[in-house]
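Just so we're on the same page: letters track the sequence lines, and every chain starts at 1. Side chains included, hydrogens not; waters and symmetry mates left out as well; all remaining heavy atoms used.
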2 protein chains.
Amino acid sequence: MSETTISLKKNFPNFSNDLIEEIEAHCSFQTFKSGDIVMRTGQYIKNTILILKGQLKIYREGDDGEEFLLYYLEPGQACAISLICSSKNQTSQITAKVVEDVEAVTIPLTLMDKWMMNHRSWYEFVIYTYRTRFEEVLEVVDNIAFRAMDERLEFYLKRHAKACGCKEINLSHQEIALELNTSREVISRLLKKMEQRGLVRLHRNQIELMI
Amino acid sequence: MSETTISLKKNFPNFSNDLIEEIEAHCSFQTFKSGDIVMRTGQYIKNTILILKGQLKIYREGDDGEEFLLYYLEPGQACAISLICSSKNQTSQITAKVVEDVEAVTIPLTLMDKWMMNHRSWYEFVIYTYRTRFEEVLEVVDNIAFRAMDERLEFYLKRHAKACGCKEINLSHQEIALELNTSREVISRLLKKMEQRGLVRLHRNQIELMI
DNA sequence: TAGTCCATGTGACAAATGTTACTGTAGCTA
DNA sequence: TAGCTACAGTAACATTTGTCACATGGACTA
């Protein structure tokens, strides 16, 4: 059994053996470096990727190049947007940037469509992915629609800590500001208040979550 | 041919005859009155509805009962959220309220799952619906993430005019404020500015779009 | 006609957020 | 060590949005 197969089986335990064999036979293994843009708003979608290792962030771009974080992609997941795009030439509505070096399997569109009918486990994966991503985006809507920046920041920090599995968040205030579409000064200000409330401890290039 | 069949064929022209026959055989026709809540956040989803007539609005509820408009549903459409929910007991993440009296066909969950495999035209409809709704929600994210209230109001008015197919929008400032999650005074203020710029004419309970 | 809603207009102020400008400081390296 | 750069802190101010208070005026009804 190849290493890719092992990794596929580990990260996508619900895939049937048939499906994994097909992936092996027809799809290519690829790696991406931190900072790489895997998919960009407006580009035609030609394939989707299954993440085996690393982390991607999916964000929406504003007219003036602002970024707005939607969610992270991790091993065992796939880009929802590219999973469902009719055979027509569909362009991407989002940008995907590598946060941590990524190992992934690339799957051409044509195969995906076929698999939906032939592989129950693929079908279920797609449905599940789509539903959970939709919910995640709805939660993002909640945050920006109903909550002020201080709450959003808190939510962001918690999500980040959860994603990396630790309480130390290695991000500059500038980076956070970018993802929440605000300015560094605002983030600094709010973080200071959070520190006064005992919710975080601030260090250079690191925020220690106390909750 | 029954009236429902005719209406189904007209509003869902891509459905195969087989599919329409199945719908006829197993699904029930229902009507809802303006103001009815068809689906509420937290409720279990037991079925989906295909709209034949009227208009629904789909919105997200805040912790304190605030509303936030996501999109409208019109004849020929279906509620995306309820289209994809695994057989498990899934609760709704949104609320659907009738804007204009609705005629619809109700489809039980169990059938939907079967049809995905057996009816290509249903499968394509589901995929298409999901994709377009996802995009619509992403556009909503853009609006609240990147744009100020004046732009959002303008976008809202245009979308509303498009949905009803006319330039006269019969809404009070209060109703608009609710859907954009702001206050009436803010809407009044911004509308006045828009009137000064010649973009609208304001009347009692009506806003005339000039663009 | 007087009274009562309801929708709207508007001024004054409060609070949140965005912007500008400047300071300090840690870490790197020439 | 001096100089550079990136990061962080913060004061001061502008702008946007939210809130309160109150006025106006149309539509309807007792």
Can you check whether B:Thr182 has a side-chain N or O nearer than 4.0 Å to OP1 or OP2 of D:dG18?
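Answer is yes, contact under 4.0 Å.
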
Report yes if a side-chain nitrogen or oxygen of A:Ser188 is closer than 4.0 Å to either non-bridging phosphate oxygen (OP1 or OP2) of D:dC7; otherwise report no.
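For D:dC7, neither OP1 nor OP2 has a side-chain N or O of A:Ser188 closer than 4.0 Å.
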
When you measure from the side chain of [X], which nucleotide among [options] comes out closest?
X	options	value
B:Ala148	C:dT19, D:dA6, D:dT16	D:dT16
B:Lys192	D:dA27, D:dG18, C:dG9	C:dG9
B:Glu185	C:dT25, C:dT17, C:dT10	C:dT10

Closer to the 5' end of DNA chain D via nearest nucleotide, is it B:Arg184 or A:Leu191?
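Looking at the nearest nucleotide for each, A:Leu191 comes out on the 5' side.
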
Nearest-nucleotide 5' precedence on DNA chain D, A:Asn205 against A:Arg189
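Per heavy-atom nearest nucleotide, the more 5' residue is A:Asn205.
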
Distance check needed: [N] [atom2] versus [X] [atom1], whole Å only.
X	N	atom1	atom2	result
A:Ile169	D:dA8	CD1	P	13 Å
A:His173	C:dG18	NE2	P	16 Å
A:Gln206	C:dA26	CD	P	16 Å
B:Glu195	C:dT8	CD	C1'	11 Å
A:His203	D:dC7	NE2	P	17 Å
A:Ile187	D:dC7	CD1	C1'	14 Å

How would you label the contact of A:Ser172 with the nucleic acid (heavy atoms, under 4.0 Å): base, sugar-phosphate, or nothing?
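Sugar-phosphate, no base atom in range.
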
So, B:Glu154 and B:Arg197, do they make that salt bridge, N to O below 4.0 Å?
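Here B:Glu154 pairs with B:Arg197 in a salt bridge, since their nearest N and O are under 4.0 Å apart.
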
Give a yes or no on whether a salt bridge exists between B:Arg131 and B:Glu135, defined as a side-chain N under 4.0 angstrom from a carboxylate O.
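A salt bridge is present here (some side-chain N lies under 4.0 Å from a carboxylate O).
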
Taking the inter-plane angle between the rings of B:Phe125 and B:Phe15 on a 0 to 90° scale, is it parallel (under 30°), tilted (30 to 60°) or perpendicular (over 60°)?
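Aromatic pair B:Phe125/B:Phe15 classed perpendicular.
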
Where does the angle between the aromatic ring planes of B:Phe146 and A:Phe68 fall among parallel (under 30°), tilted (30 to 60°) and perpendicular (over 60°)?
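If you compare the ring of B:Phe146 with that of A:Phe68, the planes turn out perpendicular.
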
